[in-house]
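This one's a predicted model, so the numbers in the text were calculated from it and none came from an experiment. A note on names: the letters A, B, ... follow the listed sequences, proteins ahead of strands, and every chain is numbered from 1.
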Amino acid sequence: MVVPAPYPAAFFDRPVLAVAPDLLGATVRHGPVAVRITEVEAYGGLDDPASHAFRGPTPRAAVMFGPPGWAYVYLSYGIHWCLNIVCGPVGEGTAVLLRAGEVIAGREAVQACWPKLAARDLARGPGRLGRVLGIAASLTATPVTGGGPLVVHPSPPAGELGDGRGPAAAVPGAAGERIERGPRVGITAATERPWRFWLVGEPSLSAARPRHRRR
DNA sequence: ATTATGATCGTCT
DNA sequence: GACGATCATAATG
């Protein structure tokens with residue numbers, strides 16, 4: 001089994017609106033579990049009222065102003081641990097929120113933990129994605145570029161990454177897939193910015209998932 | 001099928 | 001002291 005090298009810090013040291021779509025189709029790994037990212041949101045710095053970085057480097061948001069390629073983990077609604085990757089140069093305060101994905105490694109163990117969920121729902125939504133990966137507060141301010149417990153790397157061809165990837169999931173891969181964008185979800189400020197990105201046709205999307213039409 | 005509500009706690013006002 | 005970058009469950013059409 002070949003595991004690709006992580007994306008280098010330079011990959012994340014770019015405008016957040018450039019990094020966000022580039023993360024679609026990439027893989028996040030933590031221990032035995034890996035998730036192929038299908039939906040993300042971009043969050044700005046001091047200029048984005050919806051961002052945790054909007055009020056400057058507070059104790060919580062200070063990580064966002066740190067080096068690109070570091071994880072920013074926060075607790076949502078007192079319950080869910082959500083995962084971001086810091087982007088741009090030090091001091092900018094931007095990050096990409098990982099909102100949904102497809103479990104491509106360690107799926108059997110994950111399925112055993114949540115047997116009532118369909119495979120496509122296991123990492124659908126930022127809270128579930130974090131839960132499946134075992135995201136914890138201790139992972140904030142650690143690099144995802146290698147050397148840490150959390151790693152982001154290009155997705156290998158279907159089947160080369162452990163169990164769980166059936167032929168039906170052997171999608172064309174990030175390169176050939178279409179990307180759409182739209183408004184971010186769950187925020188009350190700057191709702192007009194189309195800073196949410198997703199892979200067209202993925203069954204694991206957290207919102208606006210195409211319901212099959214009745215006839 | 002959609003809509004309502006409770007859970008639960010760190011962060012910032 | 002109010003409010004979330006959410007989700008599971010229950011109630012209702």
Item checked: Nucleic acid contacts of residues 81-96 of chain A, taken as heavy-atom distances under 4.0 Å to DNA chain B -> none

Notebook entry, point to check: Which is the 5'-most and which the 3'-most nucleotide of DNA chain C that has an atom under 4.0 Å from a heavy atom of chain A?
Noted result: dG4(C) to dA8(C)

Notebook entry, point to check: Atom CD1 of I79(A) to atom C1' of dA7(B): distance rounded to whole Å?
Noted result: 4 Å

Check: Roughly how many Å is it from NE2 in H80(A) to P in dG6(B), rounded to a whole number?
Finding: 16 Å

Using 0.5 Å steps for rounding, measure from the [atom1] atom of [X] to the [atom2] atom of [Y].
X       : Y       : atom1 : atom2 : answer
L83(A)  : L139(A) : CG    : CG    : 8.0 Å
E202(A) : E180(A) : CD    : CD    : 12.0 Å
C82(A)  : Y77(A)  : SG    : OH    : 10.0 Å

Next item on the list: Check for a donor-acceptor pair, side chain of R181(A) on one end and backbone N or O of P194(A) on the other, with a separation under 3.5 Å.
Entry: yes

Mind checking whether [X] and [Y] sit in one hydrophobic cluster, side chains of I, L, V, M, F, W, Y counted as touching below 4.5 Å?
X       : Y       : answer
V63(A)  : W81(A)  : no
F11(A)  : L24(A)  : yes
L129(A) : V103(A) : yes

Item checked: DNA chain C-proximal residues of residues 42-53 of chain A, any heavy atom under 4.0 Å -> Y43(A), A50(A), H52(A)

Next item on the list: Grab the stems for DNA chain B, please: at least three consecutive Watson-Crick or wobble pairs, both distances below 3.5 Å, written as range with range.
Entry: B:1-7 with C:6-12, B:9-12 with C:1-4

Checklist line | Salt-bridge present (E177(A), R36(A); N to O < 4.0 Å) | finding: yes

Item checked: Ion pair R184(A)/D48(A), N-O distance below 4.0 Å -> yes

Check: Between E39(A) and S206(A), is a side-chain hydrogen bond (donor to acceptor under 3.5 Å, both in side chains) present by the stated rule, with each step listed?
Finding: CA-CA 8 Å; E39(A) 181 185 348; S206(A) 75; 2.9 Å; yes

Note to self: Suppose we screen for ring pair (Phe, Tyr, Trp, His ring centres under 6.0 Å). Which residues come up paired with F65(A), at least two apart in sequence or across chains?
What the structure shows: none

Checklist line | For P49(A), side chain to side chain contact (heavy atoms under 4.5 Å, CB included) partners two or more places apart | finding: F54(A), A189(A), A190(A), R193(A)

Check: Under 4.0 angstrom, heavy atoms only, what part of the nucleic acid is I187(A) near: base, sugar-phosphate, or nothing?
Finding: sugar-phosphate

Next item on the list: Just call it for R184(A): base, sugar-phosphate, or nothing, with non-hydrogen atoms closer than 4.0 Å on any strand.
Entry: nothing

Note to self: Using the rule side-chain hydrogen bond (donor to acceptor under 3.5 Å, both in side chains), only one of Y74(A), Y43(A), Y72(A) pairs with H52(A); which is it?
What the structure shows: Y72(A)

Checklist line | Most 5' of L97(A) and R131(A) on DNA chain C, judged by nearest nucleotide | finding: L97(A)

